[in-house]
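These notes concern the structure reproduced below.
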Amino acid sequence: SQKIEQNSEALNIQEGKTATLTCNYTNYSPAYLQWYRQDPGRGPVFLLLIRENEKEKRKERLKVTFDTTLKQSLFHITASQPADSATYLCALDSLTGTASKLTFGTGTRLQVTL
Amino acid sequence: EAGVTQFPSHSVIEKGQTVTLRCDPISGHDNLYWYRRVMGKEIKFLLHFVKESKQDESGMPNNRFLAERTGGTYSTLKVQPAELEDSGVYFCASSQVGGPREQYFGPGTRLTVT
């Protein structure tokens with residue numbers, strides 16, 4: 001069966017450092033992979049999407065890599081700030097026509113401290 | 001632009017009762033998805049509508065769950081009769097057909113079955 005693992009339940013880092021979150025998957029070949037942010041009591045908010053033929057994608061302080069051989073995606077937040085504290089979810093995106101069907105990992109809770 | 005809204009935000013019912021959750025997607029979004037997160041687990045796909053048609057209901061747990069989207073606008077998810085294991089947070093998401101693949105999530109409805 002499909003399995004998605006995010007490296008740890010929680011990650012604590014100091015402000016200004018780079019946070020690196022890992023998403024590993026098995027028994028799956030996604031065409032796309034998406035990353036979302038979720039704050040307590042709220043729904044997930046889309047951050048980045050990367051396609052299977054892309055190695056890297058950037059948006060401001062965020063960077064995502066996608067290695068289909070290793071079946072792994074890495075999510076980096078550079079110059080982290082306390083406001084980046086949240087749970088980050090990776091989601092495998094399977095093709096169903098033009099719509100996406102997301103399979104989520106359990107998430108990594110990031111805490112950025114001063 | 002208004003986001004995805006869900007009602008109620010929280011519902012507490014007794015085992016055996018019926019509950020109906022409502023989702024209003026972003027205007028113009030014909031894709032509508034339902035997801036669920038039970039305690040300690042990942043967010044899981046339930047079903048997908050395109051307008052009023054069910055495209056994929058492979059994630060629906062059993063026949064106690066009934067989703068509708070009459071008229072292709074808002075959607076309801078009815079649980080009848082509710083069981084203890086139905087407790088969790090139910091999320092609705094929407095996206096444009098043929099548009100970007102990211103999904104816009106509502107804040108969720110927290111369902112507690114006692």
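For the atom pair CZ of B:F105 and CG of A:L89, the computed distance is 8.5 Å after rounding to the nearest 0.5 Å. Atom OH of B:Y35 is separated from atom CG of A:L102 by 3.5 Å, given to the nearest 0.5 angstrom.
Heavy-atom minimum distance, B:Q103 versus A:F46: O-CB, 4.3 Å. When all heavy atoms are compared, the tightest approach of A:T106 to B:R37 is O-NH2, 3.0 Å. In this structure, B:R101 and A:Q34 approach most closely via the heavy-atom pair O-NE2, 3.5 Å.
Transitive grouping of hydrophobic side chains (ILVMFWY, heavy atoms separated by less than 4.5 Å) keeps A:W35 and A:V45 in distinct clusters. In this structure, B:M60 is not a member of the same hydrophobic cluster as B:V89, with clusters built from ILVMFWY side-chain heavy atoms closer than 4.5 Å. Hydrophobic clustering, with ILVMFWY side chains joined whenever heavy atoms are under 4.5 angstrom apart, groups A:Y28 together with A:F66. Using a 4.5 Å cut-off between side-chain heavy atoms of Ile, Leu, Val, Met, Phe, Trp and Tyr, with links allowed through other members, B:Y74 and B:V50 fall into different hydrophobic clusters. Residues B:V38 and B:Y90 are members of separate hydrophobic clusters, defined by side-chain heavy-atom contacts under 4.5 angstrom among Ile, Leu, Val, Met, Phe, Trp and Tyr.
Taking a 6.0 Å sphere around CZ of A:R42, one finds it holds 12 or fewer heavy atoms contributed by other residues, nucleotides or ligands. Counting heavy atoms of neighbouring residues, nucleotides and ligands inside a 6.0 Å radius, atom NZ of A:K57 exceeds 12 of them. Around atom NZ of B:K78, no more than 12 heavy atoms belonging to other residues, nucleotides or ligands sit under 6.0 Å away.
B:S58 and A:K101 share a donor-acceptor pair across their side chains, judged by distance under 3.5 Å alone.
Two residues are said to be in side-chain contact when any heavy atoms from C-beta on lie closer than 4.5 Å; A:I4 and B:E42 fail this criterion.
Residue with the most contacts toward chain B among A:A91, A:G105, A:G43, A:G107: A:G43 (heavy-atom pairs, distance under 4.5 Å).
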> Would B:F91 and A:Q38 satisfy side chain to side chain contact (heavy atoms under 4.5 Å, CB included), going step by step from the backbone distance to the final call?
Replying inline: CA-CA 12 Å; B:F91 292 104; A:Q38 187 174 22; 3.3 Å; yes

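Remark: aromatic rings of A:F104 and B:F45 are distant, center separation not under 6.0 Å.
Contact residues of residues 106-114 of chain B toward chain A are B:G106, B:P107 (heavy-atom distance under 4.5 Å).
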